[in-house]
Each structure stands twice: as C-alpha cells, then as structure tokens.
Amino acid sequence: KKCQAVNAQLAEPHLVRAKIHEYEENYDAMLADVAEAKKLAGDSAEVLTREAVARWLRNETAEFNQVEQACLKVKPDHALLYCELGSSCAVRRRTDDAFKFFQQALKMDPDFAEAESELGNLNMREGNEEQARVHLEKAWKLDEFNYRTKNFLELLDYLDRDFLVRLSPS
C-alpha cells in the first residue's frame with residue numbers, strides 16, 4: 001500500500017499482494033489483484049504468469065489454457081511461467097503437476113538454474129536422492145550464488161556420509 005501511495009500506476013504491488021494471497025490460498029483475492037495489475041500493465045508476462053498460477057490452483061483448466069497461450073504469445077520463451085507453476089504445485093503437494101511444470105521449464109530453457117534447483121528439491125522431498133543430486137549439482141554449476149542449492153547439496157552429502165536408511169532391519 002505504501003508503494004501505491006508513492007506511485008499508484010505501479011503494477012508490482014498488486015503482483016506482490018497476489019503472491020501473498022496465493023500463500024494464503026485466497027485465490028479470489030489473488031485474481032482480484034491480478035486484475036488490478038492487468039489494468040496498469042496490460043497482458044505482460046509477469047501478470048499473465050500470476051493469473052495462470054491462480055487459474056491452475058483453482059482447477060480452471062479452460063481458463064488456464066487461455067492464459068498460458070496468451071503468456072507464451074507475449075513471451076514465447078517464458079520458462080519462468082512453468083517454474084512458478086511448479087513451485088506453487090510443490091508447496092501444495094501436487095507433486096505430479098510440479099514435476100511436469102519444472103520439466104517443461106527446463107525443456108524451454110535447459111540452463112534455468114532455479115528450475116533445476118526446485119526440481120532437485122522436489123526429488124529430494126520425494127526420496128529420489130540420486131535424481132535430486134543430479135539436478136542440484138547442475139543448478140549449482142549454473143548459479144554458484146544460490147544458497148538454497150548449496151544447502152541442499154550439503155544436506156545430501158551429510159546424509160550420504162552419516163546415515164544409512166533401510167526399509168527393513170537386517
């Protein structure tokens with residue numbers, strides 16, 4: 001609200017509030033803020049990405065497909081669209097969707113460090129430690145300043161070094 005008091009023509013405060021509403025799972029308020037951002041910024045890739053996330057999380061498939069196509073028309077190589085969708089699904093334990101979206105992001109941009117890191121994190125949470133390491137190591141090579149990637153790699157090293165997990169005692 002302070003940003004809007006300084007410059008009421010900024011779309012970004014609406015997008016930030018939309019993200020906050022997403023965390024609260026208040027998708028109606030999220031879409032309301034996206035609509036306000038759209039009035040100011042039009043159909044930018046950033047605005048359409050937030051709308052696509054809201055539509056997907058509300059299970060509005062037809063609307064999602066329209067927004068997805070509009071976003072890719074504005075920015076055909078917008079891998080961030082799929083990374084944002086993947087992150088939103090991962091938080092809500094919609095893991096099949098999250099895997100699909102992260103893979104789509106990497107298909108569009110094979111050197112997208114954030115998508116590699118998120119996919120590594122998701123694999124780690126799902127118990128796929130070998131796949132997690134592959135994605136996290138690639139992410140680290142692409143962006144050696146990402147502390148989350150570094151922390152996950154250190155955690156995997158710690159688990160490999162100090163823990164043995166078995167499904168049954170032997």
Side-chain angles (χ1 to χ4, degrees), residues 1 3-4 7-128 130-132 134-136 138-139 141-143 146 148-149 152:
K1 291 184 179 186
C3 289
Q4 288 175 306
N7 184 349
Q9 299 305 308
L10 288 175
E12 287 79 5
H14 295 287
L15 295 175
V16 169
R17 283 205 325 247
K19 186 75 173 170
I20 291 168
H21 293 310
E22 177 190 339
Y23 288 128
E24 299 168 341
E25 297 187 3
N26 184 350
Y27 305 129
D28 291 334
M30 183 181 180
L31 283 173
D33 271 313
V34 167
E36 290 300 315
K38 237 183 204 188
K39 289 178 190 174
L40 298 168
D43 284 342
S44 70
E46 293 77 16
V47 171
L48 292 171
T49 296
R50 287 271 60 84
E51 184 177 358
V53 169
R55 299 293 182 192
W56 185 260
L57 295 175
R58 288 170 56 115
N59 297 312
E60 297 174 347
T61 306
E63 293 87 346
F64 166 78
N65 289 335
Q66 290 175 340
V67 175
E68 177 188 29
Q69 291 310 308
C71 187
L72 294 175
K73 186 176 181 182
V74 171
K75 192 171 182 182
D77 61 346
H78 192 51
L80 183 60
L81 166 67
Y82 297 107
C83 190
E84 288 286 325
L85 285 159
S87 296
S88 295
C89 289
V91 165
R92 288 158 185 82
R93 294 287 194 200
R94 293 168 71 168
T95 53
D96 290 343
D97 291 340
F99 276 115
K100 177 182 80 169
F101 286 128
F102 288 135
Q103 289 164 349
Q104 182 65 29
L106 290 169
K107 184 177 175 184
M108 291 181 88
D109 182 358
D111 294 329
F112 191 3
E114 183 180 351
E116 285 287 359
S117 184
E118 291 288 338
L119 191 53
N121 179 10
L122 184 59
N123 271 291
M124 197 165 142
R125 283 194 317 191
E126 293 298 306
N128 307 322
E130 288 178 22
Q131 273 301 108
V134 168
H135 291 290
L136 290 167
K138 183 174 180 191
K141 286 177 187 169
L142 293 168
D143 179 6
N146 187 321
R148 289 185 64 218
T149 301
F152 283 123

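Only heavy atoms go into these numbers, but all of them, side chains included; no hydrogens, no water, no symmetry mates.
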*Could you walk me through whether Arg148 and Glu118 pass the side-chain contact (heavy atoms from CB on, under 4.5 Å) check?*
CA-CA 9 Å; Arg148 289 185 64 218; Glu118 291 288 338; 3.1 Å; yes

*Quick one: do Cys71 and Thr49 satisfy side-chain contact (heavy atoms from CB on, under 4.5 Å)? Show the steps, please.*
CA-CA 7 Å; Cys71 187; Thr49 296; 3.8 Å; yes

*Going through the checks in order, is the side-chain contact (heavy atoms from CB on, under 4.5 Å) test met by Leu85 and Tyr82?*
CA-CA 5 Å; Leu85 285 159; Tyr82 297 107; 4.1 Å; yes

*Mind running side-chain contact (heavy atoms from CB on, under 4.5 Å) on Val47 and Leu15 for me, showing each step along the way?*
CA-CA 7 Å; Val47 171; Leu15 295 175; 4.1 Å; yes

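Atom OG1 in Thr149 sits 6.0 Å away from atom CG in Leu136 (nearest 0.5 Å). In this structure, the separation between CZ on Phe101 and SG on Cys83 is 11.5 Å, given to the nearest 0.5 Å. Residue Gln104 holds its CD atom at 13.0 Å from CG of Asp97, rounded to the nearest 0.5 Å. Separating the CZ atom in Phe112 from the NZ atom in Lys138 is a distance of 12.0 Å, to the nearest 0.5 Å. Distance CH2/Trp56 to CD/Glu51: 15.0 Å, rounded to 0.5 Å. Note: Leu57 CG to Cys89 SG = 6.0 Å, rounded to the nearest 0.5 Å.
Within the 3.5 Å criterion, the main-chain N or O of Ser117 finds no donor-acceptor partner in the side chain of Asn121. Without hydrogens or angle criteria, Arg55 side chain to Gln66 main chain gives no donor-acceptor distance under 3.5 Å. Remark: side-chain polar atoms of Arg92 are paired, donor with acceptor, to backbone N or O of Ser88 under 3.5 angstrom. Checked by atom type and distance alone, the side chain of Asn26 pairs as donor or acceptor with a backbone atom of Ala29 at under 3.5 Å.
Counting heavy atoms of neighbouring residues, nucleotides and ligands inside a 6.0 Å radius, atom CG of Asp96 does not exceed 12 of them.
For the pair Ser87 and Phe102, the tightest heavy-atom approach, listed with the atom from each and the gap, is N-CZ, 3.4 Å. Heavy atoms only, all atoms of each residue included: Ala98 and Gly86 are closest at CB-O, 3.5 Å. Here the closest heavy-atom approach between residue Ala105 and residue Ala115 is recorded as CB-CB, 4.0 Å. A pairwise comparison of heavy atoms in Ala54 and Met30 identifies CB-SD, 3.6 Å as the closest pair. Taking both residues in full, the closest heavy atoms of Ala113 and Leu142 are given as CB-CB, 3.7 Å, listed atom of the first, atom of the second, then distance. Nearest heavy-atom pair, Val91 versus Arg125, reported as atom, atom and distance to 0.1 Å: N-NH2, 4.4 Å.
Put simply, the side chain of Leu72 reaches to within 4.5 Å of the side chain of Met108, judged on heavy atoms. Within the 4.5 Å cutoff, the side chain of Asp109 has no heavy atoms near those of the Asp77 side chain. Using a 4.5 Å cut-off on side-chain heavy atoms (C-beta onward), Lys38 and His14 make no contact. Residues Val134 and Glu130 fail the side-chain proximity criterion, which asks for heavy atoms closer than 4.5 Å.
Ion pairing between a basic and an acidic side chain is recognised when a charged N comes within 4.0 Å of a carboxylate O; Arg17 and Glu36 show no such pairing.
Results of the side-chain hydrogen bond (donor to acceptor under 3.5 Å, both in side chains) test with His21 over Lys19, Glu25, Glu24 single out Glu24 as the only residue that passes.
Within the structure, no pair that satisfies the salt bridge (Lys or Arg N to Asp or Glu O under 4.0 Å) test touches residues 66-75, not counting sequence neighbours.
Annotation: side-chain contact (heavy atoms from CB on, under 4.5 Å) contacts of Ala35 (sequence neighbours excluded): none.
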